[in-house]
There are 2 protein chains.
Amino acid sequence: MIEIGKRAKAAARAMAAASTGVKDEALAGIARALKENADDILDANTADLERGEAGGVARALLDRLMLTPERIDSIAGAVRDVIALRDPVGEVIGGRKRPNGLDITEVRVPLGVVGIIYEARPNVTVDAAALCIKSGNACILRGSRTAIESNTVLARLIRGALADAGLPGDAVQLVEDTSRESVGELMKMRGTVDVLIPRGGAELIRSVVEGSSVPVIETGVGNCHVYVDAAADVSKAIPIVINAKTHRPSVCNAAESLLVHRAIADDVMPKIIEELSARGVEIRGDEATRSYSDAVVPATEEDYRTEFLDLTISAKIVGTLDEAIEHVNTHGTLHTEAIVTEDYSAAQRFAAEVDAACVMINASTRFADGGEFGLGAEIGISTQKLHARGPFALEALTTSKYVVRGSGQVRE
Amino acid sequence: MIEIGKRAKAAARAMAAASTGVKDEALAGIARALKENADDILDANTADLERGEAGGVARALLDRLMLTPERIDSIAGAVRDVIALRDPVGEVIGGRKRPNGLDITEVRVPLGVVGIIYEARPNVTVDAAALCIKSGNACILRGSRTAIESNTVLARLIRGALADAGLPGDAVQLVEDTSRESVGELMKMRGTVDVLIPRGGAELIRSVVEGSSVPVIETGVGNCHVYVDAAADVSKAIPIVINAKTHRPSVCNAAESLLVHRAIADDVMPKIIEELSARGVEIRGDEATRSYSDAVVPATEEDYRTEFLDLTISAKIVGTLDEAIEHVNTHGTLHTEAIVTEDYSAAQRFAAEVDAACVMINASTRFADGGEFGLGAEIGISTQKLHARGPFALEALTTSKYVVRGSGQVRE
């Protein structure tokens, strides 16, 4: 791992100096290589799938692991989308001339070496590499054992395209060692690795956040709430709750908890319960929620803190907006929280007082996404407050540097 | 400490909602209280000084600990300077309307609870509190045992001024427990403390960076270089070297290492050695440097990695610009690095390739400072790449939040 780090650091220097044109050429080469070598990729992926099936890997995980010609096309398309994004490197983001004649410029520069730790999906290998290349970084990719054959082929194609463009192949390195130890080593590489980004389950993220001496961008755990306010428009509330919970239950911006104001509960609760139940959602509610239907099972305090990532939702009836805000702030994960209301002041207060990366007013939590936000692509959704918060992409893969131009000034 | 955290979190909510006017009123109250209670502050400070002297605290540390009526005036002046700074909270820093009608706004919000761990200087108590108040945060101040009497009086005055302005006194809490354990507890308060900022010696900073599960902004360790290029203007080089090394040797932006290009060494080395020696600076050099004077003692590899914070400098003669850049990147601490040159390309390459927060061209490293950069004040100088880099102040005490305003949108 030390050797991987050294090579990444050397490659990072070349990447930082690379022009936008050369980086885009490498990206175009990657998109081409993906299409031209689709058969190799699919063969490797089949090997991963067969090993996974034999090893008893869960169906949902195998689904995420599986590649098809269409999925490869879509991965190549995502790389071409990154070409279209503006290169953040070199952007002057501040500056001024000081009274003593010093010219101070604050300029955006790459972070250096980015470490990404992720689980089954092989598309992350390509997405992450593409964003790191565009932002002038070298990256160390630590994927999972489940996807190792697929990732190995993808990394080989990416490295080939880098070399063809005259860039160091070591700008993208896949860690072959998929043991827990390799994650542990990455977390200790302060001074070599500039940032670690864990993408995956809550357990992986927690262990990296707590154990890493390398700075971390914490991503993804979303115990997202939809709060249906007393002044909600019922015709908006029901589709938003259904969409937030059932559109894609396995992702971090899906709703996991429903809060309904007591004053509107009679109007919306029966319909919400009916619609969710019809879609196979298990509702775990407090006593007031259970009074509307026998289909609602009792919720524990633990349920209100759980990211189910499945067709399960916790539910609670609240007496006031304050109670809703308090519940969200104490049970949420600072990810994405939605209010449905036609009351201007309630919307403003919820937006101001809920301590989350994203607050949605009359919109589904599912919109918390780099693409939907118009960032063009995303590395993940940050649930921390430093450096990047919410969906983040190219800019979060850069830092700044002050360049001060003088003419011999000394400090008096 | 858990109780302190709970009170800080509650206070943070009130601070986040406070208007600029109310926050400025509290700051004005602090400046007033400092002047009106100067005698109490000086009495407490005398007690600290006497205890320190009796306990054998080093002279330099006692100097930093000591308050005088003039220093109290200057601390109050710094608080008034913070009043003059623009309130960063609520600034809209981005946003767009999406094709589906969603209005996305990215707005600056306070971080929440800021923990600051610092050593002897009592002025940090006031400076840090003032910046946290202005940026709408609550802070937990963990000062050193050496300054506990002074800090206790200062914290009492600050809390009184907050209360007088209608803000919670708990927005500024001083940790009375100055044992190592209290730092350890702060480092584990993830979820309560939003960021920890260690200010002080290298050892303190390293232990916080390595042990904290709360995100950290790493400050201050500066093994800063001055590189005198082959094309340097000698009349600029010598004053810059002298100023960078001797103007204030005990601070992080003082130069600790001198690199001189071989082609100009005969012109500058004898004069630099003479001037530095005349000011009591011990020079530890390589063989080539020692050939200029018997006053130069041999340097070890360790010397080139040391932040002396004293009248000592390491020195080395290099053969090329590349060698200088390589030496800086492998021995520096990413803080502040200076080149003295009239060669445009050398200046550009040094600025681009040196991986430091601040690069100075023909100016002293001593200018790396929030005040000198025009930021108005500073919390510290960040030597990390995430969130804040270089001198940082109010803005680094904020994060952003996405507010998305819709009209019932669901994701298709």
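The sequence lines fix the lettering, A, B, ..., with proteins before strands; numbering per chain opens at 1. Please read these numbers as outputs of a predicted model, since none were measured by experiment.
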J.: Is B:Arg389 in contact with chain A via its backbone, its side chain, both, or neither, using a 4.5 Å heavy-atom distance?
T.: both
J.: Any heavy-atom pair between the side chains of B:Val340 and B:Tyr227 that's under 4.5 Å?
T.: no
J.: Among B:Ala237, B:Ala244, B:Ser400, which residue has the highest count of heavy-atom pairs closer than 4.5 Å to chain A?
T.: B:Ser400
J.: Are any of the side-chain heavy atoms of A:Leu111 and B:Leu386 separated by less than 4.5 Å?
T.: yes
J.: Given the options B:Pro215, B:Gly390, B:Gly374, which has more heavy-atom pairs under 4.5 Å with chain A than any of the others?
T.: B:Gly374
J.: Quick check: do B:Tyr402 and B:Val107 have side-chain heavy atoms less than 4.5 Å from each other?
T.: no
J.: Among residues at least two apart in sequence or on other chains, which ones pass salt bridge (Lys or Arg N to Asp or Glu O under 4.0 Å) with B:Glu395?
T.: B:Arg108
J.: Sort out for me which of A:Ser212, A:Ala347, A:Ser213, A:Ala357 touches chain B most, counting heavy-atom pairs under 4.5 Å.
T.: A:Ala357
J.: Any donor-acceptor pair under 3.5 Å linking the side chain of B:Asn137 with the backbone of B:Leu397?
T.: yes
J.: Using a 4.5 Å heavy-atom cutoff, which residues in residues 8-19 of chain A come close to chain B?
T.: A:Arg13
J.: A:Ile104 versus chain B, heavy atoms under 4.5 Å apart: side chain, backbone, both or neither?
T.: side chain
J.: Which heavy atom of A:Gln409 sits nearest a heavy atom of A:Ser407, and at what distance?
T.: OE1-N, 2.6 Å
J.: Using a strict cut-off of less than 4.0 Å between a Lys/Arg side-chain nitrogen and an Asp/Glu carboxylate oxygen, indicate whether B:Lys385 and B:Asp355 qualify as a salt bridge.
T.: yes
J.: Which residues pass the side-chain contact (heavy atoms from CB on, under 4.5 Å) test with B:Pro249, not counting sequence neighbours?
T.: B:Leu311
J.: Picking from A:Gly95, A:Gly94, A:Ala351, which has the most non-hydrogen pairs under 4.5 angstrom with chain B?
T.: A:Ala351
J.: Using a strict threshold of under 4.0 Å (side-chain N to carboxylate O), is an ion pair present between A:Lys188 and B:Glu210?
T.: no
J.: Measuring heavy-atom distances to chain B, does A:Arg96 have an atom under 4.5 Å in its side chain, in its backbone, in both, or in neither?
T.: side chain
J.: Checking heavy atoms, do the side chain of A:Ala356, its backbone, both or neither come under 4.5 Å from chain B?
T.: backbone
J.: Are B:Thr219 and B:Ile205 side-chain neighbours, meaning at least one heavy-atom pair lies under 4.5 Å?
T.: yes
J.: Which residue out of B:Gly408, B:Ser364, B:Ala363 racks up the most heavy-atom pairs below 4.5 Å with chain A?
T.: B:Gly408
J.: Would you say the side chain of B:Asn362 lies within less than 4.5 Å of the side chain of B:Glu342, judging by non-hydrogen atoms?
T.: yes
J.: Between A:Pro391 and chain B, with a heavy-atom cut-off of 4.5 Å, which part of the residue counts as in contact: side chain, backbone, both or neither?
T.: both
J.: So what's closer than 4.5 Å to chain B heavy atoms on A:Arg248: side chain, backbone, both or neither?
T.: neither
J.: Under a 4.5 Å heavy-atom cut-off, does chain B meet the side chain of A:Leu102, its backbone, both or neither?
T.: side chain
J.: Provide the closest heavy-atom pair for B:Ile197 versus B:Ile379 in the form atom of the first, atom of the second, distance.
T.: CD1-CG2, 3.8 Å
J.: Could you check which of B:Glu106, B:Arg190, B:Arg405, B:Glu412 has the highest count of heavy-atom pairs closer than 4.5 Å to chain A?
T.: B:Arg190
J.: Is it the side chain or the backbone of A:Gln348 that comes within 4.5 Å of chain B heavy atoms, both, or neither?
T.: side chain
J.: State which residues pass side-chain contact (heavy atoms from CB on, under 4.5 Å) with B:Glu372; sequence neighbours excluded, sorted by chain then number.
T.: A:Asn100, A:Arg411, B:Phe367, B:Asp369
J.: Where on A:Val354 is there a heavy atom nearer than 4.5 Å to chain B: the side chain, the backbone, both, or neither?
T.: backbone
